Number of protein chains: 2
Amino acid sequence: MARGKGVTIRDVARRAGVSITAVSHSLNGKGTISEETRARVKAAADELGYQADAFARGMRQGSIGAIGLVMRSLDALGDYTPAGVDVFERFAGILSSRALARGLSLTLVPDLTRSPVPPLAFSMDGYVIMSPNAQDPVIDLLDRRGIPYVCYGKLLDKPDFTRWSSEDDPLAARQILAHFEAAGAREIVLVSGTDRNAWNADFLQEYLSWCERHGVTPRVYEQSERSGLDGGRDAGLRILADGVPEAVFCMTGRHAAGVQQEVLAAGLAVPGQVMIAAASDSEHARSSRPAITAFELNPAGTADLLLDMLQELLKTGETMGPRLTRARLRPRASTRKD
Amino acid sequence: MARGKGVTIRDVARRAGVSITAVSHSLNGKGTISEETRARVKAAADELGYQADAFARGMRQGSIGAIGLVMRSLDALGDYTPAGVDVFERFAGILSSRALARGLSLTLVPDLTRSPVPPLAFSMDGYVIMSPNAQDPVIDLLDRRGIPYVCYGKLLDKPDFTRWSSEDDPLAARQILAHFEAAGAREIVLVSGTDRNAWNADFLQEYLSWCERHGVTPRVYEQSERSGLDGGRDAGLRILADGVPEAVFCMTGRHAAGVQQEVLAAGLAVPGQVMIAAASDSEHARSSRPAITAFELNPAGTADLLLDMLQELLKTGETMGPRLTRARLRPRASTRKD
DNA sequence: CTGAAAGCGCTAACAC
DNA sequence: GTGTTAGCGCTTTCAG
C-alpha cells in the first residue's frame, strides 16, 4: 500500500520487452540506450503509471530529494503557534513551495533532540535551520551525524561558520536608527527579545554602538518574543516609568503595538512625542492606529538563497556564505514627523 | 552521507556479538530474545549511536512514519502566503507537532498533480488534505494510486465519503444567525468566498435555509478568499449600494474588516445600525475598531481527530467519520447591542 | 532462544 | 547497445 500502486521496474521491463537495466537507464538518462528503446520504455512506464519507489532509490543513492526544516524559534512553543512575526508564519510555506520547484519536498521537523524523533529525520538529504540559538543542540546533533545543513541566521558562537543566509540585520538596525535620527530623535529605547539568536544580538550590538557614538546612555528592555501584546504593554509601562523617550524600537510587531497602547494611554502623542517602530512587520504593526513603521523581511529571497547553498553543499560538499538579503523599511504613521 | 553516520545493524551485531536478526528483534521487540541479549544489544546500539535506516526499513515494511499535508486552499497562491485566516497559518505547524507526538513526520506537499512531484510524495504513508475542492484532482490522484488520506472538510461531490473531520460548520452558521437574531437583526447579508469547498457551501446552505424559514430575501455577495481587505471593502460598497442591512456575515476576518471600514465610512454605526461578524477569526477581526465578532476555529482538535482517523485507516484499512469539532464564537463589540 | 538466508526495488559495475 | 548480477540495510520466515 502507498507504494506507487505496486508497479515496479520489473513490470515496466516486461511490458517494454527489455531488461530492468534498460528501464533504469532510459528513465534516468544514464547509460547508453538507443533512442528507440528509450522511447518504448518511456511509453510503457507511462501506460503503467510507473513511479520509481523513493525508498529503494534512496537506499541506493543515499539521498531522496527531501529536506527538513527546523524552526528553532517555534520549538519553545508546544503548538507551533506563530509568534506574531510575519516571517515565521510564512517561512515554512514559502520554503516548501520554493523547494518543490527544485524537486525537493520539505518536511517539518520539530526539535530533533527531543524524542520521539520521526524515522525519516536522519535520512533527510539536508536541513534548513531557522533562527538557530547559541550553543544549539540541534546544530551539534547534525554536526555529529554529518548531516548537511544551512541556517537562516548566523551561528552566534561559531563565527567561522558561513553556511547561513538572512536579511542584513546590522544594516537594517543602522537604517532604522538613522530614520529616527532624521526625525529628530536622540533618546532611543530598544525592546529586545530574549531568544539567544543572531537577530537579537545584531540589533542589540548596532544599537549599543549607535548609543556610544552619540554619547547616549543605552536603555534596553528585554521581553520574551512569546509574550506578545501583553509583553509589549509591560515593556511600555516600564519604559514610561523610567522616563519618556523620543523613540522606541521593538524587535517584534506585537511588542511595538503593546508599547504604543501604553504610550497612548499615558496621554502621549505618537509620533508627536514618542515615535515607535518594529524590526519585523506583522498584522499588529500594520493595523495599529497609528500604523507602526516596520521592516518587511524577505523570507522568499532568503529561502531561495538557502536552497541554493544547500543544493551546492549536497552536490559539491561545500558552499560559500553568508548570503544576505535586504529587509524593506515600511515607514508608517508612527514615525511620521512633519 | 546523511545516513545515520553509517552505523548499520551489522555493526551493532558485531559489537554485541550476536546475529543481525537478534539486533533487529531486540530493538523492535519482535521475536523471542532473552532479556540479557536484548539488554546487551541495546547497549551496543546506544554506544554506536545506531539509528535504523529509514529507507531500508520503509522498503521492507512499506511504510515509513511520514504523512503528507496538502493545503488546497493555498495551492492557488504561488507563494503559500497565508490568506489572512488564522486557521491556515497555523494548521501546518500544529499538525506537524501533533504528528510528531505520534512519531510521524509531516511533509508539506503543494499540489500533487503539478510537476515536478517530489520523489517522496508517492511513498508517504498517507495524506491529510486541507479544504479539498469539489472534483478535486488531488483526491482523484490519491484514489487512483491507492494512497490513504483523510480530509479537513468534507468532499462536496462525494456524500458517501466519511473520512473527514472539521468544525461543525452548519452548527456554527445557525449559531451566528441566532446571535444576530437575538440582537434584533432580520435583514442579514452573507459575504461568501469563491472556493468550491464545504466550508463555503455549508454556511451558504444554512443561510439560505434560515432566510427561507424567516421569509427574508437572501442577499449573497461573493468575494474571493484571496481578495483580502480590499475585497471586503468592495463587498461593503456593493452591499451599501443595494441597501443598508441590519447585519453582515463574512466568511473571512479580512472581508469583515473591509466591510466594516466602508460601513463606518458611510457614517453608519457599528453595531448600532449594522452588526458585523466573521466565520473565521483573524488578526484583522480582533484588531478592528470596533473589534469584530468571529468564530475561533479549532485546528488543534481537528488535527488530532484527523491523525486518529489516518492512523486507524493505516492500521485497519478503514475508519469511521466524520468527526466534528466545535468552533467557539467570540462575541465582540461589532455585535454588542445593549 | 538464536542465526542463516531470502528478498523488498532499485542502480551501477561489469560482462556480453 | 543491452542484459546479468551484486548488493544498499533491513525485516522476516524458517531451520537449528
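Since this is a predicted model, take the numbers as computed values, not measurements.
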Atom pair distance, as rounded to whole Å: CZ in A/Phe55 and P in C/dT11: 15 Å
Nearest-angstrom distance from the residue atom CZ of A/Phe122 to C1' of D/dG9: 17 Å
Nucleotide C/dC10, atom C1' - distance to CD of A/Gln51 in whole Å: 14 Å
B/Thr21: side-chain hydrogen bond (donor to acceptor under 3.5 Å, both in side chains) partners, not counting sequence neighbours: none
Show which side-chain atoms of residues 39-49 of chain B pair as donor or acceptor with protein atoms under 3.5 Å away, not counting sequence neighbours.
| residue | atom | partner | partner atom | Å |
| --- | --- | --- | --- | --- |
| B/Arg40 | NH1 | B/Ala16 | O | 2.5 |
| B/Glu47 | OE1 | B/Arg15 | NE | 3.1 |
| B/Glu47 | OE1 | B/Arg15 | NH2 | 2.1 |

Spacing between A/Arg14 atom CZ and C/dG9 atom P, to the nearest angstrom: 11 Å
Pairs satisfying side-chain hydrogen bond (donor to acceptor under 3.5 Å, both in side chains), at least one member in residues 301-312 of chain B, at least two apart: B/Arg98-B/Asp304, B/Arg102-B/Asp308, B/Arg102-B/Gln311, B/Thr302-B/Thr325, B/Glu312-B/Thr319, B/Glu312-B/Arg323
side-chain contact (heavy atoms from CB on, under 4.5 Å) involving A/Arg10 - partner list, sequence neighbours excluded: A/Thr8, A/Arg14, A/Ile20
Minimum-distance pair of heavy atoms, taken over all atoms of A/Met59 and B/Phe55: N-CD1, 3.9 Å
Rounded distance in Å - CE (A/Met59) to C1' (C/dG7): 10 Å
Summary of protein contacts for nucleotides 11-16 of chain D, nucleotide by nucleotide, where a base hit scores B, a sugar-phosphate-only hit scores S (4.0 Å, heavy atoms): BB----
Interatomic distance, B/Asp53 CG vs C/dC8 C1' [rounded to whole Å]: 13 Å
Residues which pass side-chain contact (heavy atoms from CB on, under 4.5 Å) with A/Leu100, listed by chain and number, not counting sequence neighbours: B/Pro110, B/Pro118
Atom-to-atom span, CZ of A/Arg10 to C1' of D/dT4 - whole angstrom: 12 Å
Residues forming a side-chain hydrogen bond (donor to acceptor under 3.5 Å, both in side chains) with A/Ser19, sequence neighbours excluded: none
Bend angle of the helix from C/dC1-D/dG16 to C/dC16-D/dG1, from helix axes over five pairs at each end, nearest 10°: 40°
Pairing residues for A/Ser105 by the side-chain hydrogen bond (donor to acceptor under 3.5 Å, both in side chains) criterion, not counting sequence neighbours: none
For B/Tyr149, ring-ring contact (aromatic ring centres under 6.0 Å, His included) partners two or more places apart: B/Phe161
Test side-chain hydrogen bond (donor to acceptor under 3.5 Å, both in side chains) applied to B/Thr107 - qualifying residues, sequence neighbours left out: A/Thr107
Spacing of B/Leu48 atom CG relative to D/dG9 atom P, expressed in whole Å: 14 Å
Smallest separation among heavy atoms of A/Phe91 and A/Val128, with atom names: CE2-CG1, 4.3 Å
Neighbours of DNA chain D within residues 32-39 of chain A, by heavy-atom distance under 4.0 Å: A/Thr32, A/Ile33, A/Ser34, A/Thr37
